[in-house]
Enquirer: 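One structure coming up, written as structure tokens, with questions to follow.
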Amino acid sequence: MALCELLGLVVLGFCVLVLAVDPQRAYGASRGPFGQSNVVMAPPRVGICASSVITHGYKCEEHEVKTQDGYILNVNRIPEGLVGGFGAKRQPVLLQHGVLVDGMTWLLNPPDQNLPFILADKGFDVWIANSRGTRFSRRHTSLDPTQPGFWNWSWDELVTYDLPAVFDFVYSKTGQKINYVGHSLGTLTALASFSERRQIDKIKSAALLSPIAFLSHMNTALGVLAAKSFVGEITTLFGLAEFNPTEEPVSVFIRSLCSNPGVDCYDLLTALTGKNCCLNASTINLFLKNEPQSTSTKNMVHLAQTVRDGILAKYNYGRADYNLMHYGEASPPIYNLSNIPNDLPIFISYGGQDALSDVRDVGLLLDHFKFHRGDKLNVQFIKEYAHADFIMGVNAKDIVYNQVLAFFKRQV
Ligand SMILES: *[C@@H]1O[C@H](CO)[C@@H](O)[C@H](O)[C@H]1NC(C)=O
Ligand SMILES: *[C@@H]1O[C@H](CO)[C@@H](O)[C@H](O)[C@H]1NC(C)=O
Ligand SMILES: *[C@@H]1O[C@H](CO)[C@@H](O)[C@H](O)[C@H]1NC(C)=O
């Protein structure tokens with residue numbers, strides 16, 4: 001997905017922008033990357049809790065979590081459900097979204113079908129992360145989103161800083177080991193973390209939906225093309241900067257990709273994520289109102305490198321001497337997935353129609369779990385599912401979320 005989700009979303013965002021100026025987006029833009037202010041910006045007043053959780057009767061808390069490199073991340077907590085188990089000791093679950101979207105993606109389905117509410121009603125204490133650069137996590141102790149330094153990171157930093165900060169925070173607030181649910185890039189950063197033995201002492205189990213680690217088989221024309229373009233030109237084109245699909249110059253870049261022969265940007269969601277079987281039109285509308293979100297150009301380049309190189313490694317500076325300077329080695333160090341502890345409870349769910357998390361790439365990923373303890377690994381294959389079905393599918397509750405719940409409950 002990497003690329004593609006991104007791309008998918010990117011293109012979607014672009015189309016949205018062209019077709020209609022929606023208020024949410026206009027608001028985002030007014031406080032966006034091209035603003036003049038040098039002060040640290042306050043988060044938008046209406047956060048995820050107020051707009052999408054409290055409105056459905058659930059309790060919700062907004063938290064700020066500071067990373068070691070100075071980013072101030074927004075984390076939302078739904079401490080309990082509408083039914084069942086009030087006051088009991090509730091296990092924490094942390095939800096980590098993918099690239100070019102934010103924590104809101106978990107809440108787009110109707111209340112009885114979205115994962116956070118289902119988990120809360122089943123007795124979990126639900127925490128929703130929002131990665132750096134997305135609309136509610138655009139603050140830093142000394143940098144401003146208008147400065148290049150604010151965008152000087154790739155998914156390596158999500159592994160090194162964002163994930164640890166949020167894990168530490170949830171752990172300190174709850175005093176309990178954490179169940180994790182990641183989608184798309186949220187699976188990649190988790191796998192990379194576990195391979196470095198990060199968070200192992202704080203995690204109880206991990207559910208990885210539409211997992212990406214290897215991206216060589218990603219089969220959308222737009223994705224492949226974009227990957228090539230990202231590695232090739234984008235850095236010189238955009239420099240160290242925000243990658244905001246809804247504004248120039250990124251929107252122009254995306255438009256240019258769509259004009260390539262063989263790239264059909266008409267049905268973008270399909271072109272980018274695969275043939276999603278089970279999306280609800282109202283949910284898609286809501287998705288388009290809320291996403292895409294910004295990421296850093298450097299992150300997109302790193303994802304493109306992952307597509308191109310077929311290995312999971314740290315950001316490649318493109319020159320042996322630069323890599324040497326940053327890593328002490330001429331090539332970027334790899335994340336060796338064989339180092340993931342073989343007794344860490346892991347649930348993997350992947351789809352047969354997913355253009356980003358291709359079945360063959362998931363196969364490569366599963367090869368690394370050959371020596372995982374059988375009772376600690378759960379693999380689910382859903383033939384008709386594509387990338388977006390896992391978070392927005394009308395039947396995701398029955399097909400996926402109930403399995404995730406059962407898996408969590410099995411880990412005593
Ligand atoms: C689609 O979403 C709308 C709005 O949230 C909801 O009312 C409707 O029941 C959903 N349809 C299905 C099949 O779940
Ligand atoms: C970006 O970060 C690297 C270290 O990872 C540093 O060498 C470089 O100066 C930074 N560039 C900017 C513009 O902040
Ligand atoms: C990854 O780790 C495994 C087990 O620790 C080791 O056998 C293998 O050689 C490593 N792979 C690479 C590419 O370093």
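When a ligand or atom number is given, it counts from 1 through the structure's own listing order. Everything quoted here is computed from the prediction, not taken from an experiment. Nothing fancy with the numbering, it's 1 onward along the sequence.
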Enquirer: State whether the shortest distance between N or O atoms of Thr283 and N or O atoms of ligand 1 falls below 3.5 angstrom.
Expert: no
Enquirer: Considering all protein heavy atoms, does one lie under 4.0 Å from atom 9 (O) of ligand 3?
Expert: no
Enquirer: Run the salt-bridge test on Glu196 and Lys314 with the 4.0 Å N-O cut-off and return the result as yes or no.
Expert: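 Looking at Glu196 and Lys314, the cut-off is met.
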Enquirer: Under 4.0 Å from a heavy atom of Asn339: give me the atoms of ligand 3 that qualify, with their elements.
Expert: 2 (O), 5 (O)
Enquirer: Centre-to-centre under 6.0 Å for Phe407 and Phe347, is that the case here?
Expert: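 Under 6.0 Å, so yes.
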Enquirer: Going by the atom numbers of ligand 3, which of them fall below 4.0 Å from some non-hydrogen atom of Ser338?
Expert: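 By the 4.0 Å cutoff, the relevant atoms are 2 (O), 3 (C).
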Enquirer: In the protein, what heavy atom is nearest to atom 1 (C) of ligand 1, and what distance, to one decimal place, separates them?
Expert: Asn280 ND2, 1.4 Å
Enquirer: Between the main-chain N or O of Leu185 and the side-chain N or O of Thr189, is there a donor-acceptor pair closer than 3.5 Å?
Expert: yes
Enquirer: Report the nearest protein non-hydrogen atom to atom 3 (C) of ligand 3: residue, atom name, distance rounded to 0.1 Å.
Expert: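 Answer for atom 3 (C) of ligand 3: Asn336 ND2, 3.6 Å.
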Enquirer: Hey, do the aromatic rings of Phe124 and Phe408 have their centres closer than 6.0 Å?
Expert: yes
Enquirer: Before you tell me yes or no, could you show the steps for Val126 and Arg77 under side chain to side chain contact (heavy atoms under 4.5 Å, CB included), namely the whole-Å CA-CA distance, both residues' side-chain angles and the distance that decides it to 0.1 Å?
Expert: CA-CA 6 Å; Val126 181; Arg77 178 192 200 181; over 6 Å; no
Enquirer: Provide the number and element of each atom of ligand 2 under 4.0 Å from a heavy atom of Asn152.
Expert: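 Listed by number with element, the hits are 1 (C), 2 (O), 3 (C), 8 (C), 10 (C), 11 (N), 12 (C), 14 (O).
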Enquirer: Out of curiosity, is His326 lining ligand 2, as in a heavy atom under 4.0 Å away?
Expert: yes
Enquirer: Please name the pair of heavy atoms, one in Ile382 and one in Ser349, separated by the smallest distance, quoted to 0.1 Å.
Expert: CD1-OG, 3.5 Å
Enquirer: Hey, are Asp162 and Arg132 close enough for a salt bridge, meaning a charged N less than 4.0 Å from a carboxylate O?
Expert: yes
Enquirer: Would you confirm whether any non-hydrogen atom of the protein falls under 4.0 Å from atom 14 (O) of ligand 2?
Expert: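 Yes, at least one protein heavy atom sits under 4.0 Å from atom 14 (O) of ligand 2.
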Enquirer: What residue and heavy atom of the protein are closest to atom 5 (O) of ligand 1, and at what distance?
Expert: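 The closest heavy atom on the protein side is Pro110 CG, 3.4 Å.
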Enquirer: Between Ile340 and Leu191, does the side chain to side chain contact (heavy atoms under 4.5 Å, CB included) criterion hold? Intermediate values first, please.
Expert: CA-CA 8 Å; Ile340 296 176; Leu191 289 164; 3.8 Å; yes
Enquirer: Do any N/O atoms on Lys298 end up under 3.5 angstrom from N/O atoms on ligand 2?
Expert: no
